[in-house]
Amino acid sequence: MNQTIRSNITAKAQNYCPLSTCAEVIADHWSIIVLRDIAICNQRTFRSILANNNERISTGVLAGRLKRLTDIGLLYFKDDPAHSQRKIYCLSLAAIDLVPILIDMSAWALTHTSPSKEPIALPSGVERPQSQYSKELTDRLRSLHLDPSDMPV
């Protein structure tokens with residue numbers, strides 16, 4: 001990630017918090033959608049993202065998000081050899097490491113929200129096992145925050 005942008009992202013806090021940094025990087029609706037379109041839908045050019053975007057992103061917003069995602073190191077681009085003015089957007093290693101988190105966010109939404117429309121189908125078999133830490137933490141949080149009658153069976 002660009003050092004200047006990293007400094008801007010973490011400048012608000014007295015101490016470094018990785019969750020705060022992650023939220024600053026990905027807690028933008030359109031950035032997540034653009035990453036989805038590139039990673040999962042394989043839309044890699046400006047025009048293909050624009051034409052195939054389910055949420056009808058505007059050209060200005062798309063241009064801004066592609067620039068931001070490139071600036072913070074989640075995307076980079078290559079020139080398209082077939083078209084001199086076209087860029088092909090690629091995921092960086094940091095973005096590739098982020099994709100399982102996006103899949104987990106999608107699984108969470110499918111579990112805990114009731115969409116009014118049929119959800120976009122994601123690839124099957126994308127569930128990841130919880131780490132031992134995550135399992136212990138969620139079990140502890142359930143016991144601290146939920147009535148026993150609210151506990152999942």
Side-chain angles (χ1 to χ4, degrees), residues 1-138 141 152:
M1 185 183 308
N2 178 306
Q3 190 59 37
T4 303
I5 293 171
R6 181 186 311 239
S7 296
N8 289 342
I9 287 173
T10 59
K12 296 175 191 164
Q14 285 184 306
N15 296 313
Y16 174 73
C17 174
L19 286 175
S20 177
T21 300
C22 186
E24 188 72 30
V25 170
I26 68 167
D28 167 66
H29 175 256
W30 290 115
S31 293
I32 297 299
I33 298 305
V34 170
L35 288 172
R36 177 208 61 196
D37 288 352
I38 293 170
I40 297 170
C41 302
N42 199 32
Q43 303 302 321
R44 309 252 325 263
T45 65
F46 185 93
R47 287 197 187 276
S48 67
I49 295 169
L50 193 63
N52 297 293
N53 182 270
N54 187 54
E55 291 77 14
R56 295 186 174 99
I57 191 169
S58 71
T59 57
V61 170
L62 177 57
R65 289 325 185 273
L66 288 169
K67 180 177 180 349
R68 180 179 182 272
L69 290 168
T70 300
D71 287 347
I72 64 175
L74 292 178
L75 296 178
Y76 66 97
F77 59 85
K78 300 186 280 190
D79 293 328
D80 186 343
H83 191 288
S84 63
Q85 295 179 335
R86 187 178 310 152
K87 297 175 184 174
I88 299 173
Y89 288 91
C90 303
L91 300 171
S92 68
L93 181 58
I96 291 168
D97 288 346
L98 183 59
V99 170
I101 296 166
L102 300 180
I103 297 294
D104 288 347
M105 289 168 55
S106 176
W108 177 88
L110 288 170
T111 301
H112 296 287
T113 62
S114 44
S116 59
K117 298 178 182 178
E118 187 65 28
I120 294 171
L122 291 175
S124 63
V126 295
E127 299 82 23
R128 288 189 306 151
Q130 271 190 311
S131 70
Q132 187 61 33
Y133 172 78
S134 290
K135 183 176 178 350
E136 290 171 4
L137 176 62
T138 54
L141 292 172

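- Using a 4.5 Å heavy-atom threshold, the side chains of Asn53 and Arg36 count as touching.
- Listed by chain and number, the residues in a side chain to side chain donor-acceptor pair (under 3.5 Å) with Gln132 are Glu136 (sequence neighbours excluded).
- The minimum heavy-atom distance between Thr45 and Tyr89, with the atom names listed, is CA-CD1, 4.5 Å.
- Between Ile26 and Met105 the shortest heavy-atom distance is CD1-SD, 4.3 Å.
- Distance check: Ser31 OG to Leu98 CG gives 10.5 Å after rounding to the nearest 0.5 Å.
- In this structure, Leu69 CG and Ile32 CD1 are separated by 8.5 Å, a value rounded to the nearest 0.5 Å.
- Between the CG atom in Asn54 and the SG atom in Cys41 there is a gap of 8.5 Å [rounded to 0.5 Å].
- Only one option out of Val34, Ile33, Asp37 pairs with Ile57 in a side-chain contact (heavy atoms from CB on, under 4.5 Å); it is Val34.
- Within the structure, every pair that satisfies the salt bridge (charged side-chain N to carboxylate O under 4.0 Å, His left out) test and touches residues 80-92, not counting sequence neighbours, is listed here: Asp80-Arg86.
- Closest of all the heavy-atom pairs between Tyr76 and Leu91 is CE2-O, 3.5 Å.
- Residues passing the salt bridge (charged side-chain N to carboxylate O under 4.0 Å, His left out) test with Arg47: none are found, sequence neighbours excluded.
- Among residues two or more places apart in sequence or in another chain, the side chain to side chain donor-acceptor pair (under 3.5 Å) test is passed with Ser92 by none.
- In plain terms, the two heavy atoms of Ser48 and Asn52 that are nearest each other are O-ND2, 2.8 Å.
- Not counting sequence neighbours, Asp79 has no partner by the side chain to side chain contact (heavy atoms under 4.5 Å, CB included) test.
- Every residue was checked against the salt bridge (charged side-chain N to carboxylate O under 4.0 Å, His left out) condition with Lys78, not counting sequence neighbours, and none meets it.
- Applying the side chain to side chain donor-acceptor pair (under 3.5 Å) rule to Asp97 yields no partners; only residues at least two apart in sequence or on another chain are considered.
- Nearest heavy-atom pair, Arg68 versus Glu24, reported as atom, atom and distance to 0.1 Å: NH2-O, 2.8 Å.
- Looking at residues two or more places apart in sequence or on another chain, you find a salt bridge (charged side-chain N to carboxylate O under 4.0 Å, His left out) between Arg65 and Asp28.
- The side chain to side chain contact (heavy atoms under 4.5 Å, CB included) search around Thr59 returns Phe46, Leu50, not counting sequence neighbours.
- Of all heavy-atom pairs spanning Gly73 and Ala94, the tightest one is O-CB, 4.3 Å.
- Here the straight-line distance linking atom CH2 of Trp108 with atom OG1 of Thr113 works out to 6.5 Å at 0.5 Å rounding.
- The side-chain heavy atoms of Ile103 and Ile40, taken from C-beta on, include a pair separated by under 4.5 Å.
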